[in-house]
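For reference, the structure discussed in these notes is given below.
Each chain gets a letter, A, B and so on, in the order the sequences are listed, and its residues count up from 1.
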Amino acid sequence: MLDKNFDPAAFETRLYETWEQEGAFAADPSRNAKPFTVMIPPPNVTGSLHVGHALTMTLQDVLIRFRRMQGRDALWQPGTDHAGIATQLMVERELQREGTTRQAIGREAFLDRVWQWKAEQGSAITRQLRRLGASPDWSRERFTMDDGLSGAVRTIFVRLFNDGLIYRAKRLVNWDPEFRSALSDLEVEMREVKGNLWHLRYPIEGTDQAIIVATTRPETMLGDTAVAVHPDDARYRDLIGKTVVQPITGRKIPIVADAHSDPEKGTGAVKITPAHDFNDFAVGQRHNLAAPSILDRSARIALAEIRADCHPADPSFLDSLEGLDRFAARAEIVAHLDAIGALDRVEPHTHTVPHADRSGAVIEPLLTEQWFCNAAELAGPAITAVEDGRIEFVPKSWENTYFAWMRNIEPWCISRQLWWGHRIPAWYGPDRTIFVAETEADAKLQAEEHYGHAAALIQDEDVLDTWFSSALWPFSTLGWPDNTPELARYYPGDVLVTGFDIIFFWVARMVMMGLYVMGDVPFRTVMMNGLVRDERGQKMSKTKGNVVDPLALIESYGADALRYTVTAQSGAGRNIKLGPAMVETNRSFVTKLWNAARFCAMNDCRPDPAFQSGHAKLPLSRWILDAANRAVAEATEALDAYRLSDYALACYRFTWGDFCDWFLELAKPGLSGETGEARELRAVAADVLGTILRLLHPVIPFVTEALWDDFGYGEAGSLIRAPWPDRVAVAGAEVAHDEVSWVIRLISEIRAVRGEMNVPAASRIPILLRDADPGTIARAGRWHAEIARLARIASLEPLTSDMPKGAAQAIIDEATIILPLADVIDLAAERRRLASTREKTASEAEKIARKLANQDFVARAPEDVVAENRDRLDAAQAELARLDAALSRIA
RNA sequence: GGGCGGUUAGCUCAGCGGUAGAGCGUCUCGUUUACACCGAGAGGGCCGGCGGUUCGAUCCCGUCACCGCCCA
């Protein structure tokens with residue numbers, strides 16, 4: 001006997017271990033089956049499961065379990081990403097607590113510590129994925145720093161370098177001064193910050209005039225090499241070409257005309273600091289300006305590069321700035337300018353400031369030598385692949401975002417000044433000649449050839465952007481560059497599921513690398529999932545304190561309830577709102593299924609291998625089997641089209657609305673006993689329950705597998721591999737459908753009238769049918785017991801004598817249902833009820849009549865639409881007549 | 001400033017040329033061979049505004065408003 005409620009804690013771990021131990025998640029390249037491949041977007045190894053993971057991983061698991069049941073050789077490739085910055089930060093913090101630093105212990109010892117950390121704590125997220133019920137092939141788990149994957153990184157770096165697609169250059173990059181590393185554009189987050197617009201007076205040489213420039217970053221003025229005005233700005237036309245004297249450094253700099261300067265903003269004149277601003281850098285290039293840096297790698301003032309050109313009025317002030325933090329320097333400079341009368345005014349100003357998305361530090365554009373990847377070149381084929389449909393986005397509108405970014409892609413800065421990551425396979429000779437090779441030995445050979453003798457080489461200190469290795473994931477995990485059976489079979493994959501927030505990190509770069517290395521796209525479909533928000537639609541954040549912990553939700557309501565909730569909420573690509581209340585609500589569906597099964601078990605509805613659903617005879621059997629067919633079709637179509645919420649809802653409707661509310665209720669009395677009919681009903685109940693369990697397994701794997709086992713549909717833990725249900729031809733489905741639908745409508749009508757007339761639930765009333773066809777009367781006779789029970793009536797017979805006094809009436813098709821309620825009926829209320837129904841029907845009829853009276857409609861609308869409206873008008877008018885008759889009877 | 005998406009029942013969302021839907025919430029009734037994490041019933045909508053196309057518009061087009069996101 002099953003417990004009254006499903007207790008997830010009692011099943012989840014055990015079932016999961018059974019699956020995993022029996023190899024149920026494993027792909028098998030030797031199997032003769034079509035593969036279905038999903039590459040997990042590898043979560044950060046430092047991460048722990050958040051609701052975003054819960055969403056995207058659930059959706060992937062639904063897809064993979066569905067295809068696995070369809071008999072596909074399903075590979076869901078799991079693993080984690082070494083997350084250079086995040087992981088290094090984690091371990092550095094540990095060291096800090098121990099009172100040491102990575103510099104103090106050295107690179108090698110530090111890397112040992114990171115690996116140690118990874119061994120001890122790097123599997124949190126994979127453990128948590130197990131709690132969620134995710135079913136990737138753990139035996140193939142990979143880590144981006146594994147030997148094989150690291151080898152792939154080196155091989156591809158060398159190949160790209162030799163093809164001229166990777167190069168070293170001194171360019172302005174996004175610099176994280178806290179972390180002291182370059183970052184890519186994508187790792188920078190623009191945040192709105194309240195600041196000031198400082199209006200500064202720059203004297204014009206040889207006059208007593210000054211030009212007022214507006215800036216949000218006064219400290220960078222030390223590196224100014226020009227002032228720019230708009231060429232069409234009449235206010236400044238005469239000043240173009242003149243020289244101004246930078247108030248602190250005394251450097252003489254030109255006023256240049258450049259369209260970068262916006263006449264509407266500030267004063268229309270801006271100072272140009274090429275080494276500390278991306279726009280200014282471009283202006284500098286157009287006007288051949290020098291680009292001296294005035295900040296070091298920790299964003300402290302460094303005067304070395306400007307010393308030579310300085311003629312400060314106050315040298316001691318300038319000297320006092322050396323080594324100051326940029327924000328301290330800002331305060332000093334503003335105060336000094338104010339003191340010397342160079343501060344015109346200060347205007348509060350909100351502007352966007354780049355921040356490092358990991359460390360949170362304000363990004364400093366800094367001129368440094370870095371490795372770059374020519375992304376524009378790689379983007380070409382990646383754009384074509386989406387244009388010509390080799391890759392499709394779901395929903396399609398995301399393709400625009402992809403195109404927009406890809407068509408304006410900037411060189412990708414791939415070097416990071418970190419220790420944890422793939423060390424760049426480049427070595428420098430004594431004269432800084434670069435030798436790029438997969439191994440140091442190769443590099444030495446190259447150097448020997450180059451110099452004519454052996455030379456001492458020093459390897460580049462830097463490592464690669466983590467996303468460089470992630471971009472190779474779809475093939476590096478399959479053994480590339482070796483020609484493994486896995487690579488041949490599982491590349492390209494079928495679908496990549498991910499949030500739109502990493503469309504550029506993941507999708508774009510994997511497509512570029514896949515095409516470059518493999519000559520083929522990495523996946524056919526990109527399914528975008530939305531962002532998870534809290535119950536009020538707010539973005540979750542630690543500072544807001546509205547973060548929902550999926551593990552706590554699993555703890556409280558079970559993994560199935562969480563999985564069902566996120567799946568049902570996940571419209572294609574839209575944001576989903578999630579909170580405990582929603583999961584709690586959806587848990588009731590899991591409970592409902594559990595209880596329906598419990599009821600079946602109590603009535604001995606067990607799977608009967610001899611039963612053939614196609615041979616069912618009872619209309620009720622045929623009706624539910626036919627409805628099951630429709631549910632199977634709907635669910636399958638929805639899954640095929642990646643409409644996972646439609647899939648979840650279709651299963652819900654069928655299970656709750658058809659199976660529980662009507663089939664089980666109508667079948668109840670007929671289930672017991674040893675008649676053939678009872679046996680058939682039990683077999684049908686078990687058969688349909690089996691279909692439901694299979695349909696729902698991808699989304700709620702635990703409860704379905706527990707029931708599968710309990711009912712003996714298959715061996716313990718075998719639902720995960722059970723075949724996906726197919727439609728089964730049901731004899732007489734249409735007739736059964738008409739018949740049972742009529743019964744349902746009749747019961748519903750009677751219930752509605754009872755409800756509105758406040759007939760006590762306990763009172764069993766007789767029902768009469770007026771004007772009913774013989775067929776209807778026969779039907780009513782066949783279903784008498786069921787109707788009597790569910791509509792709580794005493795009898796159901798055709799009206800043969802006079803109309804009883806004080807009766808409520810309702811219309812069903814040609815017949816009028818009569819509920820004699822002489823004692824209890826409120827005639828006025830009944831008249832109101834009938835009149836209101838009449839009103840609705842009349843207005844409906846009038847609307848259709850008006851439509852049909854329109855000659856244009858009749859002439860131009862498709863014939864079937866016109867015919868349909870004629871039918872509807874006939875029906876409405878007939879019903880109207882019956883309602884009028886009913887009304888006149890109680891007038 | 002450029003682009004994308006949204007605006008449908010109190011809430012969350014489906015629908016997307018031809019009869020406006022679901023779940024939750026609300027109200028009423030209810031212990032009847034599973035389930036109160038339940039059952040039965042009811043109420044609730046000028047489908048954001050204004051134009052246009054069409055025989056017909058929640059749906060297509062234009063425009064405006066508001067909201068969200070991305071890129072400058």
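As rounded to the nearest Å, B:rA72 and B:rA20 have P atoms that lie 46 Å from one another. Between the P atoms of B:rU12 and B:rG51, the separation comes to 29 Å (whole Å). Comparing the same atom, C1', in B:rA9 and in B:rG15 gives a spacing of 14 Å after rounding to whole Å. For the P atoms, the distance from B:rU32 to B:rU58 is 47 Å, rounded to whole Å. To the nearest whole angstrom, the two C1' atoms, one in B:rC11 and one in B:rG44, are 13 Å apart. Straight-line distance between the P atoms of B:rG6 and B:rA14: roughly 9 Å, to the nearest whole Å. The same atom, C1', is picked in B:rA34 and in B:rG21; the two are 29 Å apart, to the nearest Å. Taking the C1' atoms as reference points, B:rA65 lies 8 Å from B:rG48, given to the whole Å.
Across every strand in view, B:rC69 sits in a pair with B:rG3 that passes the Watson-Crick or G-U test at under 3.5 angstrom. Pairing for B:rC47 is absent, with no Watson-Crick or G-U wobble pair whose two atom distances lie under 3.5 Å. Using Watson-Crick or G-U wobble geometry with both donor-acceptor distances under 3.5 Å, B:rC59 finds no partner in any strand shown. The base-pairing partner of B:rG21, taking Watson-Crick or G-U wobble contacts with both distances under 3.5 Å, is B:rC13. Of the nucleotides present, B:rC27 is the one that pairs with B:rG41 by Watson-Crick or G-U wobble criteria, both distances under 3.5 Å.
Counting only heavy atoms from C-beta on, A:R587 has its side chain closest to B:rC37 among B:rG18, B:rA20, B:rC37. Across B:rC55, B:rU12, B:rC69, the shortest atom-to-atom separation from the side chain of A:P862 is found for B:rC55. Ranking B:rG41, B:rG23, B:rA34 by closeness to the A:S748 side chain, first place goes to B:rG41. When distances are taken from the side chain of A:R860 to each of B:rG5, B:rU54, B:rC35, the shortest belongs to B:rU54. Out of B:rU19, B:rG18, B:rG43, the shortest distance to the side chain of A:E844 is found at B:rU19. Among B:rU28, B:rC55, B:rC69, the nucleotide with an atom closest to any side-chain atom of A:F500 is B:rC69. The side chain of A:S588 sits closest to B:rC38 out of B:rC38, B:rC55, B:rA34. Looking at the side chain of A:F599, the nearest of the listed nucleotides B:rA34, B:rG39, B:rU28 is B:rA34. Set against B:rU33, B:rA36, B:rU19, the side chain of A:K4 has B:rA36 as its closest nucleotide. Counting only heavy atoms from C-beta on, A:R792 has its side chain closest to B:rU32 among B:rC55, B:rU12, B:rU32.
When every heavy atom of A:V173 is checked against every heavy atom of A:F278, the shortest pair comes out as C-CZ, 3.8 Å. Here the closest heavy-atom approach between residue A:R606 and residue A:A601 is recorded as NH2-CB, 3.8 Å. Taking every heavy atom of both residues into account, A:I383 and A:M406 meet most closely at CG1-CB, 3.6 Å.
When heavy atoms are screened at a 4.0 angstrom cut-off, A:C660 is found touching base atoms of the nucleic acid. Nucleic acid contact for A:A596: base, since at least one base atom lies under 4.0 Å from a heavy atom of the residue. Across all strands, A:N5 comes closer than 4.0 Å to base atoms (heavy-atom distances). Residue-level contact check: A:F589 touches neither bases nor backbone, having no heavy atom under 4.0 Å from any strand. Counting any heavy atom pair closer than 4.0 Å across all strands shown, A:R751 reaches sugar-phosphate atoms only and no base atom. Within the nucleic acid shown, A:R598 comes within 4.0 Å of sugar-phosphate atoms alone, with no base atom in reach, counting heavy atoms only. Nucleic acid contact class of A:R754 (heavy atoms, under 4.0 Å, all strands): none.
In this structure a side-chain-to-backbone donor-acceptor pair under 3.5 Å is missing from A:N595 to A:R598.
Nucleotide B:rA40 holds its C1' atom 11 Å from the CG atom of A:L790, rounded to whole Å. At whole-Å resolution of the value, CZ in A:R606 and P in B:rA34 are 17 Å apart. Between the CG atom of A:D560 and the C1' atom of B:rC37 there is a distance of 14 Å, rounded to whole Å. Put simply, CZ on A:R789 is 13 Å from P on B:rA40, counting in whole angstrom units. Put simply, CD1 on A:I848 is 16 Å from C1' on B:rC55, counting in whole angstrom units. Per the geometry, CG belonging to A:D3 stands 15 Å off C1' belonging to B:rC37, to the nearest Å. We find that CH2 of A:W405 is positioned 15 Å from P of B:rC70, with the value rounded to whole Å. Regarding A:R872, its CZ atom lies at a distance of 6 Å from the P atom of B:rU19, rounded to whole Å.
Looking at A:K668, its side chain comes within 3.5 Å of the base of B:rA34 through a donor and an acceptor atom. Residue side chain A:E665 reaches the base of B:rA34 through a donor-acceptor N/O pair under 3.5 Å, judged by distance alone.
RNA chain B is contacted by both A:K840 and A:A404; A:A404 maps to the nucleotide lying nearer its 5′ end (nearest heavy atom per residue). With RNA chain B read from its 5' end, the first of the two nearest nucleotides for A:N869 and A:V759 is the one closest to A:N869.
Ring pair A:F500/A:W398 is parallel by interplanar angle, where below 30° counts as parallel and above 60° as perpendicular.
Considering only side-chain N and O atoms, A:K592 lies under 4.0 angstrom from the phosphate OP1 or OP2 of B:rG39. Note on A:W662: every side-chain N or O is 4.0 Å or more away from OP1 and OP2 of B:rA40.
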TODO: Please report the C-alpha distance between A:E187 and A:S184 in whole Å, then the side-chain angles of each, then the deciding distance to 0.1 Å, and finally whether the side-chain hydrogen bond (donor to acceptor under 3.5 Å, both in side chains) criterion is met.
DONE: CA-CA 5 Å; A:E187 291 159 293; A:S184 78; 3.0 Å; yes

- [ ] Dump the intermediate steps for side-chain contact (heavy atoms from CB on, under 4.5 Å) on A:S556 and A:V583, then the final yes or no.
- [x] CA-CA 9 Å; A:S556 306; A:V583 182; over 6 Å; no

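Judged purely by distance below 3.5 Å, without hydrogens or angles, the side chains of A:T591 and A:N5 never pair a donor atom with an acceptor atom.
In this structure, A:K668 is not positioned above the aromatic face of A:F663 in the sense of NZ or CZ being under 6.0 Å from the six-membered ring centre and within 45° of the axis.
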